[in-house]
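Every chain is numbered from 1, with letters handed out A, B, ... down the list of sequences. In this text the structure is predicted, and so the values were computed from the model without any measurement.
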There are 2 protein chains.
Amino acid sequence: MSPDQVEQTERRSGALLEYLARRMRLRSESVLAPLGLRPRHLVALTVLRDAGDMSQQGLAGTLQLDGTNVVGLLNDLEADGLVERRRSPEDRRRHVVSLTQTGAKRLNEAECALASVEDEVLGALNENERDTLYDLLRRATSEVPATCAEAAACAEVAAACTEEDR
Amino acid sequence: MSPDQVEQTERRSGALLEYLARRMRLRSESVLAPLGLRPRHLVALTVLRDAGDMSQQGLAGTLQLDGTNVVGLLNDLEADGLVERRRSPEDRRRHVVSLTQTGAKRLNEAECALASVEDEVLGALNENERDTLYDLLRRATSEVPATCAEAAACAEVAAACTEEDR
DNA sequence: TAAATGGTTGGCGCTACACAAACAATCTGT
DNA sequence: ACAGATTGTTTGTGTAGCGCCAACCATTTA
C-alpha cells in the first residue's frame, strides 16, 4: 500500500447501532419487567408519543412489523390501558391508535426507570453528548423516508408535517 | 393536558436506538446477503476491527452473547476466512480471535454496500449529522463499562495485539 | 352486488438465542 | 504430580420473536 494513502474507513453506523441497541435492550428487560413492559412495547409507546395517533397499518409500517403481530402488541398495551383503539370516523374500518394518559405516564415512568441502564450503556458519553445523541436519533426517526410504499400509508397520518427546526 | 404546561420528557435513547436499529437491520439483510453475511456477522467483524483482537470469551462478553453461540458465529466467519483463531501463547487454552485482511476487506465492502441503506434510514440527517452520530456511537461502544468482570478478561488479552501483514 | 380494504384470530415454521451437559486441552494451586 | 478450575467445542433442548398464510368480520368502493 502506498505510504501516503489515507485509509478512509466507511463509518457506517448500522452495526454500531445494532450493537448498542442490543446492550441497551438486554439490560432494559429486567428494569422494564416490574412495569409490565417489554422493550418492544416501549418502542411502540415511544413511537405513538413522538409521532402521534396512527392507524394500525401505519404503525405496522412505522415499526416495520407484520400487521398480525401489531394486533398482539396492541392487545397487550390496550389490556393495560396504555393505548386506545378508536374507530376512525372517516373510514370506520380503521382503528386510530392513540396513547392514553396512563400510557404517557407509564412511558414516562419507564424512561425514568431506565436512567440507570442508560448510565451504564452510555457511560462513555457525558451529559451533552447524550443529549445530542438523543436529538439525532429523534430527528432520524421523526422523518419517515418517502422511498417506500409504506410512506403512503404513513403520509396520510403524517400530513401535519411542519418544516420547523430549531 | 394543558398546552402551556412544560412537558419535561425524559429523553431516553433506548427505544429510539432499538427502533432505528431494527429498520437498519431489516434493510441491511438483503444488501448483506450477496456478500454471504448477516447483520450479526457484521457486528462481530465491526467489533473486532474497532476493538482489536480478543479472546472468544471476551467477544462473548462484548457482544453479550452466550459462549456457545459465539462458537457458531466464529465458525461461519472463519469458514469464509474473514476471521482467524490462533491459540494464545500465554494461555494455550485461549483462542485469540482476529480479523484477517480478507475480513477487513469484506467488512469494508459491506459498509460500502450499505451506503444506500443508510441513505434511506438516516435520510433525515445530513452529512455532518451522520458523522457526529457515528462518532457518538463509536465512542459509546469503544469504552466498555468497567462494571463487569468481562472487562478484565478483555484487557488481559488486549495486550496480545499483533501487527497484521499487508 | 361484487370486490377490495382494515382488523382479528389461529396456526405453521423459521431464526436467534439461552441454557445444560459432556468432553478435551490446558492452566493453577497445593 | 495431582486435583480442580478454566477455555473452547459439540450436541441437544427449550423458548421468544416474528413472518407468513388462511379464514373470517366489518366496512368501503367500484
Let me know the distance between [atom1] of [X] and [atom2] of [N], rounded to the nearest Å.
| X | N | atom1 | atom2 | answer |
| --- | --- | --- | --- | --- |
| A/R25 | D/dG17 | CZ | P | 10 Å |
| B/Q56 | D/dT6 | CD | C1' | 13 Å |
| B/R23 | D/dC18 | CZ | P | 15 Å |
| B/D76 | C/dC17 | CG | P | 12 Å |
| A/M54 | C/dG7 | CE | P | 12 Å |
| A/D91 | D/dT29 | CG | P | 6 Å |
| A/L65 | C/dG7 | CG | P | 14 Å |
| A/L73 | C/dT8 | CG | P | 12 Å |

Hey, does A/N69 reach any base, or is it just sugar-phosphate, or nothing, if we go heavy atoms under 4.0 Å? base
By nearest nucleotide on DNA chain C, pick out whichever of B/R38 and A/H95 is the more 5' one.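 Comparing both residues, the 5'-ward one is A/H95.
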Could you check A/N75 against A/R93 and say which one's nearest nucleotide on DNA chain C is further toward the 5' end?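 First, find each residue's nearest nucleotide; the 5'-ward one identifies A/R93.
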Is the shortest side-chain N to carboxylate O distance from [X] to [Y] below 4.0 Å?
| X | Y | value |
| --- | --- | --- |
| A/D80 | A/R106 | yes |
| B/D53 | B/R86 | yes |
| A/R130 | A/D119 | yes |

Walk me through whether A/R94 and A/Q57 qualify under side chain to side chain donor-acceptor pair (under 3.5 Å). CA-CA 9 Å; A/R94 262 185 238 161; A/Q57 232 174 234; over 6 Å; no
For [X] and [N], is the shortest distance between a side-chain N/O and OP1 or OP2 below 4.0 Å?
| X | N | result |
| --- | --- | --- |
| B/Q57 | D/dT7 | yes |
| A/R40 | D/dA16 | no |
| B/R22 | D/dC18 | yes |
| A/Q64 | D/dG19 | no |

Indicate yes or no for a side-chain donor-acceptor contact from B/R87 to the backbone of B/R93 under 3.5 Å, with no hydrogens or angles considered.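 Confirmed, B/R87 side chain pairs with B/R93 backbone.
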Measuring from the side chain of B/R94 (C-beta onward, heavy atoms only), which nucleotide among C/dT26, C/dA18, D/dT7 has the closest atom?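 My answer, after comparing the listed nucleotides, is D/dT7.
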Among C/dC27, C/dT9, D/dC20, which nucleotide sits nearest the side chain of B/R92? C/dC27
Between A/P89 and B/V70, which residue's closest nucleotide on DNA chain D lies nearer the 5′ terminus? B/V70
Which residue lies toward the 5' end of DNA chain D, A/R87 or A/D66, if each is placed at its nearest nucleotide?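 It is A/D66, whose closest nucleotide lies nearer the 5' terminus.
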Less than 3.5 Å between a donor and an acceptor, one on the side chain of B/T68 and one on the base of C/dC19, is that the case here?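 A donor-acceptor contact between them is present.
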